[in-house]
Amino acid sequence: MNDIFPVHGMDAVVFAVSNAKQAAHYYSTAFGMRLVAYRGPENGSRDEAAYVLTSGSARFVFRGSVRAGTDLSRHVADHGDGVTDLALDVPDVDAAYAHAVKAGARGLDEPYTMEDEHGKVRLAAIATYGETQHTLVDRSNYSGPYLPGYVAAEPLVAPPDVKNGRVFQAIDHCVGNVELGKMDEWVEFYKRVMGFTNMAEFIGDDIATEYSALMSKVVADGSRKVKFPLNEPAISKKKSQIDEYLEFYGGPGVQHIALATNDILSTVDHMRAAGVQFLATPDSYYDDPELRARIGEVRVPIEELKKRRILVDRDEDGYLLQIFTKPVQDRPTVFFELIERHGSLGFGKGNFKALFEAIEREQDLRGNL
Ligand code: TYF
Ligand code: FE
């Protein structure tokens, strides 16, 4: 088809962290991910250690600086642990980069090739909000564990004890927080630069002023495999959760990564047992007769959801189950969502109120009123 910027999906989410060795352990144990590749001082990487972990089609890379004075250690000093790169798997890196730059994107790396005994990878990179970037990757001629420079690595722990051996299967969406008044500019950026289009779901002025203190729109590629919601703060009584993020992160950046699972009950049980903390919805959410009527029948008794504080939302296409972790580092910045979709293509609009009230309770505990 004549998609001006075809994408196959996400290639990787790259994190800059203060201690990649410990991050690799946390994502192995708590998120059930499998270490597959490594690079570090032992194999020629002077300045950093990087761990590549996968779960289904999802790939996370954790980079940590091994010395002072690197750009990576500066990034972590500024932002804390965070996402530096939402890398995209594209069929034609050169064409994608040329189109992006012509459409006004800031080029960071012109197309280049990396090569080793496993083949060739073509790469380029463009800037997006804050200090975040999109690396464009074509690894169709490469059979190595990640990229040239990385060596294969063995899993750090035994596979998670969950059905089908995976805590989650894929990346569902990646959300960015941008400054007040900038959301529409970034929506336009993804339309112009990547040919993305708006998805129906959004949080407009009405919801913003009533309770969410944020505005949100979603852009996606033509195949809907890559979905990027974009949030900006909204003026409201309390400090917006987006303002809190921007203050503590030190600017715009990735707010949450939603992970798709086909068994959210096992996922949550595994993660909770491993010490991951989730936002808690009150009993009243599950006991609300209006909600019960609206969601109808789902694949498990509501009691099973209530026990775990899993949220449920239904729209014209089907339903979804979702739950949100608390921030996963010291700063109130990056968190994760777990999502099990049954037809619904939405983002849980019906849950926004309960979700934002739960987030506000956490904000209050942090003193950010
Ligand atoms: O991605 C979404 O749109 C949902 C809802 O600060 C959401 O996960 C939106 C904004 C936010 C937290 C969750
Ligand atoms: Fe989400």
Side-chain angles (χ1 to χ4, degrees), residues 10 13 58 82-83 86 129 168 170-180 182-183 186-187 190 196 198-220 224-234 236 238-249 252-261 264 267-268 278-281 285 309-315 319-328 331-341 344-363 366 368:
M10 295 297 297
V13 178
V83 174
L86 297 172
Y129 48 78
F168 66 96
I171 293 167
D172 187 274
H173 59 271
C174 306
V175 184
N177 282 343
V178 300
E179 298 108 323
L180 180 67
K182 299 286 189 198
M183 175 187 66
W186 286 107
V187 167
Y190 283 102
F196 283 20
N198 274 98
M199 289 186 71
E201 194 131 309
F202 63 94
I203 303 175
D205 288 295
D206 48 336
I207 308 177
T209 47
E210 229 189 304
Y211 54 75
S212 77
L214 65 91
M215 304 243 266
S216 174
K217 287 183 182 168
V218 184
V219 292
R224 298 271 155 106
K225 279 200 282 280
V226 174
K227 298 184 280 276
F228 291 155
L230 295 156
N231 300 326
E232 70 175 21
S236 59
K238 286 191 175 184
K239 180 177 186 142
S240 167
Q241 54 162 307
I242 310 305
D243 278 325
E244 186 191 33
Y245 176 102
L246 295 169
E247 178 186 334
F248 283 86
Y249 194 72
V254 171
Q255 178 211 37
H256 76 266
I257 308 286
L259 305 172
T261 168
I264 198 167
T267 300
V268 170
F278 292 90
L279 290 176
T281 352
Y285 173 88
R309 307 285 133 176
I310 294 167
L311 305 169
V312 42
D313 193 33
R314 185 180 288 279
D315 57 29
Y319 73 95
L320 62 78
L321 306 174
Q322 65 183 173
I323 192 167
F324 295 84
T325 72
K326 293 184 182 181
V328 292
R331 300 191 195 196
T333 53
V334 182
F335 60 88
F336 288 89
E337 171 183 354
L338 286 308
I339 183 165
E340 178 183 318
R341 292 185 184 277
S344 172
L345 303 170
F347 294 81
K349 204 186 189 90
N351 292 326
F352 286 168
K353 187 172 190 300
L355 170 64
F356 297 140
E357 283 169 356
I359 292 175
E360 280 170 19
R361 283 192 292 278
E362 295 294 316
Q363 283 184 273
R366 292 190 285 260
N368 302 307

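Whatever order the structure lists ligands and atoms in, that order sets their numbers, starting from 1. Values below: all heavy atoms of this structure, side chains included; hydrogens, waters and symmetry mates excluded.
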Answer with yes or no after comparing the ring centroid distance for F278 and F324 against a 6.0 Å cut-off, counting only values under it.
no
Just by distance, no angles: are the side chains of D313 and Q322 close enough, under 3.5 Å, to form a donor-acceptor pair?
no
Atom pairs and distances, ligand 1 N/O vs protein N/O under 3.5 Å:
unit_1, atom_1, unit_2, atom_2, d
ligand 1, 1 (O), H173, NE2, 3.1
ligand 1, 1 (O), H256, NE2, 3.2
ligand 1, 6 (O), Q241, OE1, 2.9
ligand 1, 6 (O), Q241, NE2, 3.4
ligand 1, 6 (O), Q255, NE2, 2.6
ligand 1, 8 (O), H256, NE2, 3.2
ligand 1, 8 (O), E337, OE1, 2.9

Validation row, ring centre F228 to ring centre H173 under 6.0 Å:
no
Tell me yes or no: between the side chains of N231 and Q255, is some donor less than 3.5 Å from an acceptor?
yes
Can you confirm whether the side chains of N177 and Y129 place a donor and an acceptor under 3.5 Å from each other?
no
The Fe ion (ligand 2): which protein N, O or S atoms are under 2.8 Å away?
H173 NE2, H256 NE2, E337 OE1
Where does the angle between the aromatic ring planes of Y245 and Y249 fall among parallel (under 30°), tilted (30 to 60°) and perpendicular (over 60°)?
parallel
Should E357 and K353 count as an ion pair when the cut-off is N to O under 4.0 Å?
yes
Side chain E232, main chain K182, donor-acceptor under 3.5 Å
yes
Derivation and outcome, side chain to side chain contact (heavy atoms under 4.5 Å, CB included), residues M10 and V226:
CA-CA 7 Å; M10 295 297 297; V226 174; 4.1 Å; yes
